[in-house]
Amino acid sequence: MLDILEEIKEAISSAFQGKAAGGRASEIPPSKLTNVAPPTIRAKAKTSGGMTQSSSVSEKASTETSSQEKDKQESSSDGAISAEKPGAMIERPAEIIIEDERSLAIAGGLEFSGDVLTVEGGKLKIPDESRNLCVLFENGMWLVSASHRLSPLVTSVAQMAARHGHQINPARYVTPNIIRQAYLYADRKASVSRLDDNAVRRRIVDTLQKAVEAGANDVHIEASDGRTRIEFRIDGALRLWETWTQKEGELMLSSVYSHSVGQSGATANWQEPQAAMLTSTSTGPDALALPKGVISVRCQWVPLSDGGRYLDMRLQYDSAHLFGENFIMADVDSLGFSQEQLKVVQSLRQAPGGMRVFAGPVNQGKTTTLRVTLNRRMAETNMQLNCLLVEDPPEGGIVGARQVGVSSSVKDEQREKSFVEIMRCALRLDPDIVMLGEVRDIQTAKFAFRLALTGRQVYTTTHVYAALAVPQRLRDIGMEPYLVYDHHLLRGMFCQRLLRGMCSHCRIPLADAHSELGPHYKDLARRVRAGLAIMDSSRKGGSVGVYDRLSEPDLRNVYIANPEGCSHCFRGRAGRTICAEVIETDQKIMELLQDNRMEEARDYWLSPTGMNGVTMLWHSLEKIRRGEVSPDDAEFEVGIMATEKEVIEVEQRLGVMP
């Protein structure tokens, strides 16, 4: 008897210990009094659906002790009792909080903020059926219709958001009306955003229109340090045009990127350099209407060290805007080339096959010169030539030419691959003339020479400091010497700079400059005199005995730009003109360059008994002599007109300036 009571006591003790363990199942050993299985006690456990499994006690109702009655009451208070099936589990709904319209009105309740990811056309593409049951905000707020919280239409949206890396907070259960209110909020926010975007777009177009009217080549936008600076580059000089708040500038920078084509990234990234284009041929609701006369706008963004953003917008004008309606008849002399240089350019246009390389720094008019040359060539042949333009980014502007498209992929690797493929297939397009935007690497250079070997005319550009240095640049890229120094392949070499023109209304004579503007202009006058004297002597008899043939130059038409300016100009400057050097190669000069005899090659090119060439320095001196360019502006672009040693030598021969 005592043994039986001891067993009952142990069974009751084990049952209480299992309940106290809060989730650990314990079994009572089989009773010696009965043959039934022992009762099993399970603590409540969460299910994946948010419901609970209640503890259940399954036992034979054979005894009526007070301890068993107590166990049944405790199990009943937990919400589920099963006395008929051993181990049975009964689910009951979890207690949830359902928020309704009152939660929107009280402090600390529901508050809509940020973008709605699940809105129609939003970042998460979900079916309309799901949109009626849930809503996800960009800040992670996850609202779910309480009566559909277990629906696959809801759980699939949560899984999609997690896969896309969006933040998703614990669900807040709401009424269907709250879901509708959330999407109404999204619609109102989108409407305001569209109005804001239209205002920003109008501001972009207005800024570009002002730049065109001012004759600007570039628009610089810097958004940093609490403000935005808008600067126009006009006639080679930056001018502060407007100042905005930093927020206004940031909106404009982002809007320009979103409305451009050929972006280097899927979205605007303020932490990386990015590039894109605005084009006049773009269509659709997001296209910007560019001002009349602008073909395209090349855009380059870079991050600043203080967290700001900087954008340069390069305006590409069509030829009619630059030269008038009869632009196709314009030649390079309209840009500022001399008559001697014009004859060389015309000869190069007529020569069959070979490469013509236009060199110079960025923003020095290379593309404009190349465009004028090709337009003239197309006019001379009555548009009977097949001219292909292979550029990345495309700029165009040549009548009758075919612009070959380059991939608008956002990845640089894909663009490079597309560019290479276009170059490979160009020979199968039966071209007469091929214009390559730039020789930038060994692949482009090899393609250019391959075209030249087949007898096609090839026009391209590169970045180098002088015409005679073009072969050095090609060798530096990796081209073989037997190709670079073949004058039948590399037929023409150009190099140029743009000089700021001088206002004829307020310019100051050189003789009066030192008294009106300062004593340092006297040294400038000495250099002008020496430079002109040496140039005149060299052009008469070459570099040998140059100081023996010196003569006094005429300085009566030499002027200095007035830094105060007048109503006709900006600080004494108006417009720009070219100083250039043009070389039509022959066998001798290429042999000298191949042997690295640069000085001999230069003397042969400039000698009146050689090629009778003109350097950029000499070209600028001629413009100074005619009063077209201020000497200080010329020195800024092409270097000093005479060294101190040369000035002293000239003064010893001609005497000191009065």
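In what follows, every heavy atom counts, from backbone to side chain, and hydrogens, waters and symmetry copies are set aside.
Scanning all heavy atoms of the two residues, the minimum distance from A182 to F137 falls at CB-CZ, 4.0 Å. Residue P176 comes nearest to S145 through the heavy atom pair CG-OG, 4.1 Å, listed as atom of the first residue, atom of the second, then distance. Looking at every heavy atom in both residues, A275 comes nearest to Y257 through O-CE1, 4.5 Å. In this structure, V116 and Y183 approach most closely via the heavy-atom pair CG1-CE2, 4.0 Å. Taking every heavy atom of both residues into account, A216 and F232 meet most closely at CB-CB, 3.9 Å. Pairing each heavy atom of S224 with each of G308, the nearest pair is CB-CA, 3.8 Å.
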Exercise. What's the verdict on side chain to side chain contact (heavy atoms under 4.5 Å, CB included) for R149 and I96, showing C-alpha distance, side-chain angles and the deciding distance?
Worked result: CA-CA 11 Å; R149 61 188 180 279; I96 61 174; 3.7 Å; yes

Problem set entry | Pair V212-V294, side chain to side chain contact (heavy atoms under 4.5 Å, CB included): steps then yes or no | CA-CA 8 Å; V212 171; V294 178; 3.5 Å; yes

Problem set entry | Trace of the side chain to side chain contact (heavy atoms under 4.5 Å, CB included) decision for Q246 with R227 | CA-CA 4 Å; Q246 183 167 349; R227 53 91 179 106; 5.7 Å; no

Exercise. Under the side chain to side chain contact (heavy atoms under 4.5 Å, CB included) criterion, do R314 and Q300 qualify, and how do the steps go?
Worked result: CA-CA 9 Å; R314 172 71 55 82; Q300 178 67 56; over 6 Å; no

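Using a 4.0 Å cut-off between charged nitrogen and carboxylate oxygen, R131 and D128 count as a salt-bridge pair.
Environment of CD in E213: crowded, with over 12 heavy atoms of neighbouring residues, nucleotides or ligands closer than 6.0 Å. Within 6.0 Å of atom CD in E120, 12 or fewer heavy atoms from other residues, nucleotides or ligands are found, so the atom counts as exposed in its surroundings. The number of heavy atoms from other shown groups lying within 6.0 Å of CD1 (I97) does not exceed 12.
How far CZ of R309 is from OG of S254: 8.5 Å, rounded to the nearest 0.5 Å. Between I98 atom CD1 and S147 atom OG the span is 8.0 Å, to the nearest 0.5 Å. Atom CD of Q167 sits about 9.5 Å away from atom CD of E138, to the nearest 0.5 Å. A distance of 11.0 Å separates CG of L315 from CD1 of I295, quoted to the nearest 0.5 Å. With rounding to the nearest 0.5 angstrom, the NE2 atom of H164 is 11.5 Å from the NZ atom of K123. Rounding to the nearest 0.5 Å places CG of L389 at 9.0 Å from CG of L370.
At distances below 3.5 Å, at least one donor-acceptor pair connects side-chain atoms of N386 with backbone N or O atoms of L429. Judged by distance alone, with hydrogens and angles left aside, the side-chain atoms of T461 form a donor-acceptor pair with the main-chain N or O of G437 at under 3.5 Å. Judged by distance alone, with hydrogens and angles left aside, the side-chain atoms of T228 form no donor-acceptor pair with the main-chain N or O of T243 at under 3.5 Å. Under the 3.5 Å distance criterion, the side-chain polar atoms of K446 are left unmatched by any main-chain donor or acceptor of D441. Checking side-chain atoms of S130 against main-chain N and O of L153 turns up a donor-acceptor pair under 3.5 Å. In this structure, the side chain of T118 engages the main chain of L136 through a donor-acceptor pair within 3.5 Å.
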Report all side-chain donor-acceptor pairs from residues 154-162 shorter than 3.5 Å, counting only partners two or more places apart or in another chain.
| unit_1 | atom_1 | unit_2 | atom_2 | d |
| --- | --- | --- | --- | --- |
| T155 | OG1 | S151 | O | 3.4 |
| T155 | OG1 | P152 | O | 3.4 |
| S156 | OG | P152 | O | 2.8 |

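Residues I477 and V439 are in side-chain contact: their nearest non-hydrogen atoms beyond the backbone lie under 4.5 Å apart. L436 has its side chain within reach of F447: a pair of non-hydrogen atoms, C-beta onward, lies under 4.5 Å apart. Residues E248 and R203 form a side-chain contact, since some pair of their non-hydrogen atoms from C-beta on lies under 4.5 Å apart. Looking only at side-chain heavy atoms (C-beta outward), D312 and R233 stay at 4.5 Å or farther from each other. Proximity of L311 to C299: side-chain heavy atoms (C-beta onward) are separated by under 4.5 Å at one or more points. Here the side chains of I221 and I230 are in contact, with some heavy-atom distance below 4.5 Å. The shortest distance between side-chain heavy atoms of L184 and F112 does not fall below 4.5 Å. Proximity of H220 to L238: side-chain heavy atoms (C-beta onward) are separated by under 4.5 Å at one or more points.
With L251 as the fixed residue, the side chain to side chain contact (heavy atoms under 4.5 Å, CB included) test singles out one of I204, T245, V200: V200.
Taking R229 as the reference, E231 meet the salt bridge (charged side-chain N to carboxylate O under 4.0 Å, His left out) condition, with sequence neighbours excluded. Applying the ring pair (Phe, Tyr, Trp, His ring centres under 6.0 Å) test to W142 and every residue at least two apart in sequence or in another chain returns nothing.
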